[in-house]
Each structure stands twice: as C-alpha cells, then as structure tokens.
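Everything on this sheet refers to the single structure shown next.
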Amino acid sequence: MQEFKEYFIMMRNLFHNALSFSGRCPRILYYCFLSLGYFIVTTVKLFEVANVEILGLLIYFYIVLASVQKRCRDFNYKGTLPILIVSIYFIYWIIVVSIGENYKTYFGNISFYVRLVFFVVITFIGLIPSSKEKDLTLTSPLLKHPNIYFVVCFALFFIGRYVLQNWYL
C-alpha cells in the first residue's frame, strides 16, 4: 500500500509540474511533458467517443503551452513567437479533428506546412542549451494570465468551427 501511495504522489507531482506555468523546464523534462501530452491525446482517441479527442487535444495544448513557456524561460527568452505558433497549430488541429476526414478539401496542403513549422519550433526549443543565469520572471505577454489565454484560444476554436461553418463548411 505504501508503494501505491508513493507512486500516486509521484504521478500527482508530475502532472502538477506539467500543468504549471511557473518555474523552468530542463530539456529532458520538456520532452517528457510533450510525450505525456501526446500519450494523453492518443489514449483518449482510442475511446472513439464524439468530441472526446478534442478534450484530449485541449489538455495537450495546455501542457505544451506550459512546457514551451517554462523551456523558453530556461534559456532567457520570453517565448511569444513560439507560443503563437503552438496556439495556431492547436487551433488548426482541433478544427481539423472536428471537421473529420474531408479536411483536405477545405484546407488543401496547408496542413503539411502548419505541422512542419510546429514540429521544427518544438524541436528547436528543446535543443537550445539552458543559460547559466536563469530569469524566472520572464513571461510572454500572451501568458501573463495563462488561463485567460487558454480560454481565448478555446473561444477561437469555437468561432472557427461552429460559427464560421454556416458560411464556409
């Protein structure tokens, strides 16, 4: 029973660190958080229930936002551009998932370029070495209030999918 309790505390701390916007994120932990988020998305996708994959994507989006902000802080960069790229990618991805299989008729070949830019940015951020003197107060202006930013991105998804679908989709 003690081992289970220690395991539970360890997992709780891991999720707390993955979802927290404070502190910094070393390289290995950055990739662990990204892998954890991707694991959540792929696991939720296995349930094959309507709109559950979107919930998994939103959790993954939150984890990636927090990880990118902490990783940028680790090498003394505010991280506004990477956060915008991550946001555009996830808003696009959630809209594509909600459209379904025929998303290429609406977006064409832009999917390849959106994914390419996202993966290059995510990989590049992970490869930048940490600075010796870390400034833990550096925060992107977009993430001064991360929960509000997340809700705005969530609203953009709904505008992009459910409001504009009456005109274009």
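Please read all numbers here as calculations on a predicted model, not as lab measurements. One is the number of the first residue; the rest follow in order along the sequence.
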Check whether any side-chain heavy atom of I122 lies under 4.5 Å from a side-chain heavy atom of V86, and answer yes or no.
-> yes
Would you check if P82 and Y77 make a side-chain contact, meaning some heavy-atom pair closer than 4.5 Å?
-> yes
Hphob cluster co-occupancy, L156 + L81, side-chain heavy atoms under 4.5 angstrom | yes
Can you get from L29 to F21 by hopping between Ile, Leu, Val, Met, Phe, Trp and Tyr side chains that sit under 4.5 Å apart?
-> yes
Using a distance-only test with no angle check, is there a side-chain donor-acceptor pair under 3.5 angstrom linking S67 and Y31?
-> no
State yes or no: do L36 and V64 share one hydrophobic cluster built from I, L, V, M, F, W and Y residues joined by side-chain heavy-atom distances below 4.5 Å, directly or via other members?
-> yes
Name the one of F39, Y89, F90 that satisfies ring pair (Phe, Tyr, Trp, His ring centres under 6.0 Å) with Y60?
-> F90
Min side-chain heavy-atom separation I83-S140 under 4.5 Å = yes
Step through the shown structure and confirm whether more than 12 heavy atoms of other residues, nucleotides or ligands are within 6.0 Å of CD on E3.
-> no
Is the side chain of K70 donor-acceptor paired with the backbone N or O of S20 at a distance under 3.5 Å, no angle test?
-> yes
Treating Ile, Leu, Val, Met, Phe, Trp and Tyr as nodes and any side-chain heavy-atom pair under 4.5 angstrom as an edge, say whether Y62 and V151 lie in one connected cluster.
-> no
Out of curiosity, I125 CD1 to R71 CZ, how far, rounded to the nearest 0.5 Å?
-> 8.5 Å
Nearest heavy atoms of I128 and R27, plus distance in Å = O-NE, 3.6 Å
Do you know which of F119, F112, Y113 makes side-chain contact (heavy atoms from CB on, under 4.5 Å) with R115?
-> F119
Side chain to side chain, F61 and L57, heavy atoms closer than 4.5 Å = no
Backbone N or O of L138 within a donor-acceptor pair of the R73 side chain at under 3.5 Å?
-> yes
So does I110 have more than 12 non-hydrogen atoms from other groups sitting under 6.0 Å from CD1?
-> no
Smallest heavy-atom separation, P141 atom then T80 atom, equals CD-OG1, 3.2 Å
State yes or no: do Y38 and L65 share one hydrophobic cluster built from I, L, V, M, F, W and Y residues joined by side-chain heavy-atom distances below 4.5 Å, directly or via other members?
-> yes
Hey, is the main chain of E133 close enough, under 3.5 Å, to the side chain of N76 for a donor-acceptor pair?
-> yes
Check against side chain to side chain donor-acceptor pair (under 3.5 Å), S87 and Y149 | CA-CA 10 Å; S87 301; Y149 181 77; 2.4 Å; yes
Only one of L142, N147, I148 passes side-chain contact (heavy atoms from CB on, under 4.5 Å) with H145, and that residue is I148
Hey, does F75 have a side-chain heavy atom less than 4.5 Å from the side chain of S130?
-> no
Determine whether I63 and I40 make a side-chain contact, defined as any pair of heavy atoms from C-beta on separated by less than 4.5 Å.
-> yes
Flag if over 12 foreign heavy atoms under 6.0 Å of CG, L46 = yes
State, yes or no, whether a side-chain contact exists between I91 and C153 at a heavy-atom distance under 4.5 Å.
-> yes
